[in-house]
Amino acid sequence: MARHRSLWLLVSLLCIALPLPLPLRASGGDESDACPSYAARPGGFWAREAVFYEIFVRSFADSDGDGIGDFRGLRARLDYLNDGASSSGQDLGVTGIWLMPITRSPSYHGYDATDYRRVNEAYGTEADFDELLTAAHQRGIRVIMDLVVNHCSARHPWFEEARRDAKSPHHDWFIWRSDDPGWTQPWSQYGTWHLVRELGAYYYGLFWSGMPDLNYENPAVRREMIDTALYWLGRGVDGFRLDASRHIIEAGEQSKMAGSPETHAWWREFAAAVRERYPQALLVGENWTHISEVAAYFGSAAKDELDMSFDFDLSEALLGAVNEGDPERLGAALCAVSRHYPEHALDGTFLTNHDMTRVMTQLGGDWGKARLAASLLLTLPGVPFLYYGEEIGLSNGPAPDDEDKRRPMQWTAGGGFSSESPWRAYGDDVARVNVAAESGDAASLLAEYRRLIRLRAENPALSAGAYQRRRVLGPDSAHVFAFARRAGAGGGEGESEQRLLIVANLSGEERRDVVVEMAEAGKPGGGDGARALYPKSAASTAVTRALTVSSIPPGDIVAVRF
């Protein structure tokens with residue numbers, strides 16, 4: 001199933017004290033000079049050091065045999081995510097979970113709420129959800145949930161009343177006009193105005209007719225959605241993933257359907273109300289656009305607008321680098337973050353999510369590439385989010401629709417998700433791609449994820465430290481990506497400085513005698529020189545102005561503390 005990881009007997013780190021021999025090929029150009037350093041993230045906020053795991057409750061674990069995942073099933077599997085014992089090594093080690101929509105909805109996905117303050121009956125009772133929250137918190141797992149504030153379901157009682165009677169109190173909770181101006185979605189040619197024949201009027205629904213947009217120019221709507229957020233935080237939720245956060249108040253057609261000044265004003269109002277009562281609540285925006293535009297959603301100061309946004313540019317660049325072996329696009333995406341994001345911003349990094357083709361499918365089923373993608377995600381700056389099943393190599397189902405991006409988790413060779421037929425079929429690979437099989441294999445993708453998450457947890461430079469790309473030189477430097485992470489002593493929070501170097505071979509071939517330029521030397525003395533952290537069997541030595549890695553297997557990384 002997975003290529004057995006080398007014991008790294010060929011890897012050694014060599015001290016170079018003399019001037020570098022010329023000529024040498026350079027990889028990465030002069031980005032370390034042209035691109036500002038990605039600053040360490042300010043401390044004092046729990047999310048800064050978290051590793052999150054995205055869960056579709058319907059597809060994670062079924063406790064009652066109806067083929068649909070539920071809260072009790074998820075609670076029974078919490079020890080797989082984090083068992084609360086820091087030294088067990090048997091859990092994944094994540095410290096946060098993001099629950100896709102859990103409120104009442106007529107759809108399988110839940111992104112069209114019919115009641116914002118009641119859980120979906122298919123997932124269990126209110127008490128089941130409260131018990132899940134308690135059990136997660138006991139294990140040190142924070143829980144954020146999807147809050148879909150842009151729109152509700154066309155079957156929500158608010159909209160059903162609004163479409164029956166133009167004089168009803170809820171009619172102005174939605175956006176109406178007497179004609180269809182012909183506006184289409186920014187990403188397609190589908191229209192955004194939908195006719196209600198009984199009223200002879202059109203309502204605005206950006207995503208589709210079954211999801212009417214709420215009217216945020218109405219103070220009653222704003223109060224209701226703020227109160228809804230406070231309600232869930234009062235029940236113990238730790239924050240929200242804010243769906244479609246760019247589209248709250250549209251100012252016109254196409255380019256004006258996202259990022260309006262009024263939308264930013266709403267998020268400032270929302271954030272202020274939430275933080276007055278719950279200052280540690282996490283607000284994560286789904287701002288699916290380029291880094292330069294995402295930057296505006298962090299506000300002018302910490303806690304002014306959103307804490308974090310998902311980094312779609314970096315996701316695309318990271319998977320592109322792994323698939324194509326080209327580090328330049330990845331370096332450019334990271335450089336854009338350091339150029340555009342304010343120091344207080346938290347970057348939500350990820351490989352894929354529920355709207356995207358799964359990692360293993362994008363990588364053509366290549367286990368080595370999947371391992372490399374995980375290694376980069378969990379050593380680069382940002383707050384990483386894993387999509388459930390990513391850690392075992394779960395792939396898309398046979399159909400191109402969203403349901404097959406969200407199919408059931410595979411726990412055992414027989415599936416293990418439910419005692420009966422699941423709501424969506426398991427993959428053809430279930431006998432070998434499952435938690436039970438990979439838990440017993442030290443060379444599996446799951447084992448690699450466990451090691452990497454622990455590496456991140458044990459090294460503050462990885463979880464919150466500064467980032468700077470390092471130049472790679474030598475005749476065999478092509479397709480090698482190197483970067484330093486630093487925390488403490490001016491590079492982050494903490495009593496002592498920690499400096500790490502990560503060297504990744506993005507190619508499909510071994511790279512030899514790779515020279516990495518170092519901006520600073522390691523402290524003198526045998527105990528203060530470079531020490532290999534990952535893999536632990538690599539040799540180590542002191543570092544002066546450069547470091548040579550004698551051999552890096554294809555698709556692998558080496559992490560060095562210096």
Side-chain angles (χ1 to χ4, degrees), residues 26-41 51-52 246 259 284-298 306 308-353 355-357 359 362-363 369-370 372-387 390 452 456 461-472 478-486 500-507 555 557:
S27 174
D30 295 320
E31 184 188 297
S32 59
D33 299 322
C35 187
S37 176
Y38 187 124
R41 302 297 92 181
V51 175
F52 281 92
R246 299 177 64 226
V284 187
E286 186 212 13
N287 297 304
W288 199 329
T289 187
H290 296 301
I291 287 169
S292 57
E293 297 177 52
V294 172
Y297 290 87
F298 297 113
L306 304 183
M308 183 191 303
S309 282
F310 289 113
D311 195 335
F312 289 88
D313 278 1
L314 184 60
S315 163
E316 189 175 342
L318 201 158
L319 289 178
V322 170
N323 248 334
E324 301 160 14
D326 182 3
E328 298 314 311
R329 188 174 172 189
L330 178 57
L334 289 158
C335 183
V337 170
S338 64
R339 285 187 184 283
H340 293 289
Y341 283 11
E343 185 175 307
H344 61 268
L346 294 179
D347 196 20
T349 58
F350 65 100
L351 298 177
T352 62
N353 66 23
D355 286 323
M356 305 164 74
T357 301
V359 171
Q362 287 197 49
L363 299 181
K369 288 183 176 180
L372 176 59
S375 299
L376 289 169
L377 175 69
L378 290 162
T379 54
L380 285 170
V383 179
F385 283 71
L386 317 180
Y387 183 34
E390 219 160 58
L452 286 162
R456 190 177 183 91
L462 293 180
S463 60
Y467 157 90
Q468 188 175 53
R469 188 174 176 187
R470 292 295 164 84
R471 290 216 316 164
V472 181
H479 311 291
V480 176
F481 186 68
F483 56 95
R485 304 293 311 277
R486 186 178 68 178
L500 303 182
L501 178 72
I502 313 296
V503 187
N505 179 2
L506 306 184
S507 77
I557 72 165

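Keep in mind the model is a prediction, meaning the values are calculated, not measured.
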Among all residues two or more places apart in sequence or in another chain, which pass the side chain to side chain contact (heavy atoms under 4.5 Å, CB included) test with [X]?
{"X": "A370", "answer": "M360, L363, L445"}
{"X": "A374", "answer": "Y449, L452"}
{"X": "A321", "answer": "L330, L506"}
{"X": "E343", "answer": "A39, P42"}

Nearest-0.5 Å distance that lies between atom [atom1] in [X] and atom [atom2] in [Y]:
{"X": "R486", "Y": "L462", "atom1": "CZ", "atom2": "CG", "result": "14.5 Å"}
{"X": "F52", "Y": "T349", "atom1": "CZ", "atom2": "OG1", "result": "11.0 Å"}
{"X": "F481", "Y": "N505", "atom1": "CZ", "atom2": "CG", "result": "13.5 Å"}
{"X": "S315", "Y": "F385", "atom1": "OG", "atom2": "CZ", "result": "13.0 Å"}
{"X": "L351", "Y": "L314", "atom1": "CG", "atom2": "CG", "result": "9.0 Å"}

Under the ring pair (Phe, Tyr, Trp, His ring centres under 6.0 Å) test, residues paired with F312 that sit two or more places apart: W288, F350

- request: Quick one: list whatever passes ring pair (Phe, Tyr, Trp, His ring centres under 6.0 Å) with Y38, sequence neighbours left out.
  value: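 Expected list: none.
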
For the residue pair [X] and [Y], establish whether any side-chain heavy-atom pair is separated by less than 4.5 Å.
{"X": "L377", "Y": "L386", "result": "yes"}
{"X": "T379", "Y": "R485", "result": "no"}
{"X": "E286", "Y": "D355", "result": "yes"}
{"X": "R469", "Y": "L334", "result": "no"}

Intermediate values then yes/no, side-chain contact (heavy atoms from CB on, under 4.5 Å), T357 and T352: CA-CA 7 Å; T357 301; T352 62; over 6 Å; no

How far apart are the closest heavy atoms of [X] and [Y], and which atoms are they?
{"X": "R456", "Y": "V51", "result": "CD-CG2, 3.9 Å"}
{"X": "L501", "Y": "R470", "result": "CD1-CG, 4.2 Å"}
{"X": "S309", "Y": "N287", "result": "OG-ND2, 2.7 Å"}
{"X": "H479", "Y": "S507", "result": "CB-CB, 3.6 Å"}
{"X": "A482", "Y": "V472", "result": "CB-CG2, 3.6 Å"}
{"X": "G555", "Y": "L372", "result": "O-CB, 3.6 Å"}

For [X], side chain to side chain donor-acceptor pair (under 3.5 Å) partners two or more places apart:
{"X": "Q362", "result": "none"}
{"X": "R329", "result": "E316"}
{"X": "S338", "result": "none"}
{"X": "D311", "result": "none"}

- prompt: Got a sec, which pairs hit ring-ring contact (aromatic ring centres under 6.0 Å, His included) with one end in residues 319-345, sequence neighbours left out?
  reply: F298-Y341

Side-chain donor-acceptor pairs under 3.5 Å in residues 290-297, sequence neighbours left out?
| unit_1 | atom_1 | unit_2 | atom_2 | d |
| --- | --- | --- | --- | --- |
| H290 | ND1 | D313 | OD1 | 3.1 |
| H290 | ND1 | D313 | OD2 | 3.3 |
| E293 | OE1 | T289 | OG1 | 3.3 |
| E293 | OE2 | T289 | OG1 | 3.3 |

